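Worksheet: one structure, shown below.
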Amino acid sequence: MWISGAVALVTGANRGLGASFTQALLARGAATVYAAARDASMVSATDPRVKPIDLDITDRAAVAAVAQRCGDVDLLVNNAGAMLLGPLITAPDTAAARTEMEVNYFGTLEMCRAFAPVLARNGGGALVNMLSVVSWYTVPFNASYCASKSAEWALTNAARPTVKGQFDLALSRVPRNPRC
């Protein structure tokens, strides 16, 4: 995917990796970066190409509204996440695990479902799910987060054929230069 001229949406853009993704996209020539966060006022950006937007990825209606509003997106970076540093079996209850699954798995799934048609309309685009090395192994002090990231990795693998098919179909419609 070409970044130059792209219209991207980055979730969790208010800090950490999300802020870094936003800056990297700008440095590579993205035309617009929708910087999504639960509180868009926390997105610090001086570049006019950055458009802060409020978004809680666990709110289905909010996700649908943002997909409608940001219908020009051709690159989605699912970066928003929750890590509550809780054990799995010895935790007092399942609240932390449920929150991590709601954000890391179900929130990412909502974003993929809402934006796959947007990406298709805009030529296929690209969908990036930010995972973690703990998608493949578990550490005891953070086991529920590890489980949620493992589920997100499986979600990514399950979504890949659909999104790839959209991209392949869009690419087949692009006129080819016979000299290339």
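Just so you know, these numbers come straight off a predicted model, no measurement behind them.
- In this view, V139 and Y137, F141, N142, C146 satisfy the side-chain contact (heavy atoms from CB on, under 4.5 Å) rule, not counting sequence neighbours.
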Check residues 52-65 and write down every donor-acceptor pair under 3.5 Å in which the side-chain atom is one partner and the other belongs to a residue at least two apart or another chain.
from, atom 1, to, atom 2, distance (Å)
D54, OD1, A40, N, 2.7
D56, OD1, T58, N, 2.9
D56, OD1, T58, OG1, 2.6
D56, OD2, T58, OG1, 3.3
D59, OD1, A61, N, 3.1
D59, OD1, A62, N, 3.1
R60, NE, E110, OE2, 3.2
R60, NH2, E110, OE2, 3.2

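- We find the CG-OG distance between N104 and S150 to be 11.5 Å, quoted to the nearest 0.5 Å.
- W2 meets the ring-ring contact (aromatic ring centres under 6.0 Å, His included) test with no other residue; sequence neighbours excluded.
- Once rounded to the nearest 0.5 Å, the distance linking SG of C112 with CG of L155 reads 5.5 Å.
- Taking each heavy atom of V50 and A35 in turn, the nearest pair found is CG1-CB, 3.8 Å.
- Sorted by first and then second residue, the salt bridge (Lys or Arg N to Asp or Glu O under 4.0 Å) pairs involving residues 131-160 (not counting sequence neighbours) are K149-E152.
- Taking each heavy atom of V134 and Y145 in turn, the nearest pair found is CG2-CE2, 3.5 Å.
- At least one side-chain heavy atom of T32 sits under 4.5 Å from a side-chain heavy atom of K51.
- Criterion: ILVMFWY side-chain heavy atoms under 4.5 Å apart, direct or through other members. Under it, F115 and V103 are part of a common hydrophobic cluster.
- Tracing side-chain contacts under 4.5 Å through hydrophobic residues (I, L, V, M, F, W, Y), one reaches L119 starting from L9; they form part of the same cluster.
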Run the side-chain donor-acceptor check on residues 23-31: report pairs under 3.5 Å with partners two or more places apart or on a different chain.
from, atom 1, to, atom 2, distance (Å)
R28, NH1, A24, O, 3.2

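- Between T22 and A13, the closest heavy-atom pair is OG1-CB, 3.7 Å.
- By the neighbour-count criterion of 12 heavy atoms within 6.0 Å, atom CZ of R38 is sparsely surrounded, having that number or fewer from other residues, nucleotides or ligands.
- A single hydrophobic cluster is seen to contain both V10 and M130, as judged by linkage of ILVMFWY side chains at heavy-atom distances under 4.5 Å, directly or through other members.
- Both V118 and V66 belong to a common hydrophobic cluster when Ile, Leu, Val, Met, Phe, Trp and Tyr are linked at side-chain heavy-atom distances under 4.5 angstrom.
- Under the 3.5 Å distance criterion, the side-chain polar atoms of T99 are matched with a main-chain donor or acceptor of A95.
- Rounding to the nearest 0.5 angstrom, the gap separating the OG atom in S148 from the CE atom in M101 is 6.5 Å.
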Candidate pair V128 and F21, rule side chain to side chain contact (heavy atoms under 4.5 Å, CB included), full reasoning: CA-CA 11 Å; V128 177; F21 282 131; 5.6 Å; no
Can you give me every donor-acceptor pair (side chain of residues 70-88, partner residue at least two apart or in another chain, under 3.5 Å) with its distance?
from, atom 1, to, atom 2, distance (Å)
D72, OD1, Y34, OH, 2.9
D72, OD2, Y34, OH, 3.2
D74, OD1, V7, N, 2.9
N78, ND2, N129, OD1, 2.8
N79, ND2, T11, O, 3.2
N79, ND2, G12, O, 3.3

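- Between the CD atom in E100 and the CZ atom in F106 there is a gap of 13.5 Å [rounded to 0.5 Å].
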